[in-house]
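Working notes, beginning with the structure itself.
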Amino acid sequence: MPDPTVQAVQEAPSGSAEGRYMGLALAQAQLAWDRGEVPVGAVVVKDGEVIATGFNQPIGSHDPTAHAEIVALRAAAEKLGNYRLPGCELYVTLEPCIMCSGAMMHARLARVVYAALDPKTGACGSVVSLFGEDRLNHHTEVVGGVMAEEASALLKAFFVERRNAARKPAAGRE
């Protein structure tokens, strides 16, 4: 069950700031798919300006930490010249995992906005509620469900394609 401290949003109009930023995150997710990675994308925003983007790349980079959120956080920190990102918001197409959520809190993000729930590894209430943990010293506002249908559809289509490709016999082998 999702964390009650997470503000749920049913949809964001495409003309809204949340809709625009999540749309950019979805475009980043498509870049991941194009490279054979699970389609997750992220965008970091500060004062209404996109300062960094990222997409999943753990397979191609042989780096288990190269999740979309981490890639975007690294780029934002480099741009701002600081590992802390106060006043920044991160938009991501899938509910963050524990690793990414920890990095977001360590970066002191003001806000995290995600699209689809992740019932297997989500740390915003699907599996654990890291952002709702009162004992931690930093608290980030979390909004879930922004453009969830679009993000879910992208992920489902990716995995359908993957399963179908795995079922096809290899060329020349019959």
Side-chain angles (χ1 to χ4, degrees), residues 1-12 18-19 21-44 52-76 89-107 109 111-136 138-168:
M1 168 149 250
D3 187 337
T5 62
V6 174
Q7 178 185 352
V9 174
Q10 295 306 314
E11 62 183 72
E18 283 185 343
Y21 299 138
M22 193 60 76
L24 293 171
L26 285 165
Q28 289 293 306
Q30 185 62 56
L31 292 174
W33 183 339
D34 295 345
R35 288 162 176 79
E37 304 275 358
V38 175
V40 178
V43 172
V44 178
T53 61
F55 57 86
N56 260 5
Q57 353 187 353
I59 298 167
S61 66
H62 309 292
D63 180 354
T65 69
H67 290 194
E69 301 96 308
I70 301 297
V71 172
L73 288 172
R74 286 176 178 155
E89 301 176 329
L90 186 138
Y91 291 78
V92 62
T93 59
L94 184 64
E95 179 182 1
C97 70
I98 293 170
M99 174 185 70
C100 293
S101 296
M104 291 173 198
M105 288 193 288
H106 191 65
L109 290 179
R111 189 166 179 246
V112 173
V113 180
Y114 69 89
L117 291 172
D118 185 347
K120 294 184 179 182
T121 65
C124 297
S126 289
V127 177
V128 296
S129 300
L130 199 60
F131 290 100
E133 179 54 61
D134 290 337
R135 294 174 291 180
L136 296 173
H138 177 72
H139 299 281
T140 301
E141 178 186 349
V142 179
V143 176
V146 174
M147 298 179 72
E149 288 182 26
E150 294 88 338
S152 292
L154 185 68
L155 286 160
K156 286 176 186 172
F158 173 80
F159 286 112
V160 164
E161 182 181 276
R162 275 272 183 89
R163 282 190 296 276
N164 288 340
R167 288 186 188 124
K168 290 183 182 176

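Heavy-atom basis, side chains included; hydrogens, waters and symmetry copies ignored. Quantities reported herein were computed from a predicted structural model and do not represent experimental measurements.
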Q | Atom CG of L136: over 12 foreign heavy atoms under 6.0 Å | A | yes
Over all heavy atoms of both residues, which pair between [X] and [Y] is shortest? Give the atoms and the distance, please.
X: L154; Y: A29; value: CD2-CB, 3.6 Å
X: C124; Y: V142; value: SG-CG1, 4.0 Å
X: Y91; Y: E89; value: OH-OE1, 3.1 Å
X: S152; Y: A116; value: OG-CB, 3.4 Å
X: V43; Y: A25; value: CG2-N, 3.5 Å
X: L109; Y: T140; value: O-OG1, 3.1 Å

Close side-chain approach of [X] to [Y], heavy-atom, < 4.5 Å:
X: R167; Y: N164; result: yes
X: L130; Y: M105; result: yes
X: M104; Y: L73; result: yes
X: H67; Y: V40; result: no

Nearest 0.5 Å, what's the [atom1]-[atom2] distance between [X] and [Y]?
X: M99; Y: I70; atom1: CE; atom2: CD1; result: 5.0 Å
X: L94; Y: T121; atom1: CG; atom2: OG1; result: 6.5 Å
X: M147; Y: Y114; atom1: CE; atom2: OH; result: 16.0 Å

Q.
Can you tell me how the ring of W33 sits relative to the ring of F158, calling it parallel under 30°, perpendicular over 60° and tilted otherwise?
A. perpendicular
Q: Check whether any side-chain N or O of E37 sits under 3.5 Å from a backbone N or O of G60 as a donor-acceptor pair, and report yes or no.
A: yes
Q) Any donor-acceptor pair under 3.5 Å linking the side chain of N56 with the backbone of A32? A) no
Q. Under the side chain to side chain donor-acceptor pair (under 3.5 Å) rule, what pairs show up with a residue in residues 92-102, not counting sequence neighbours?
A. E95-S126
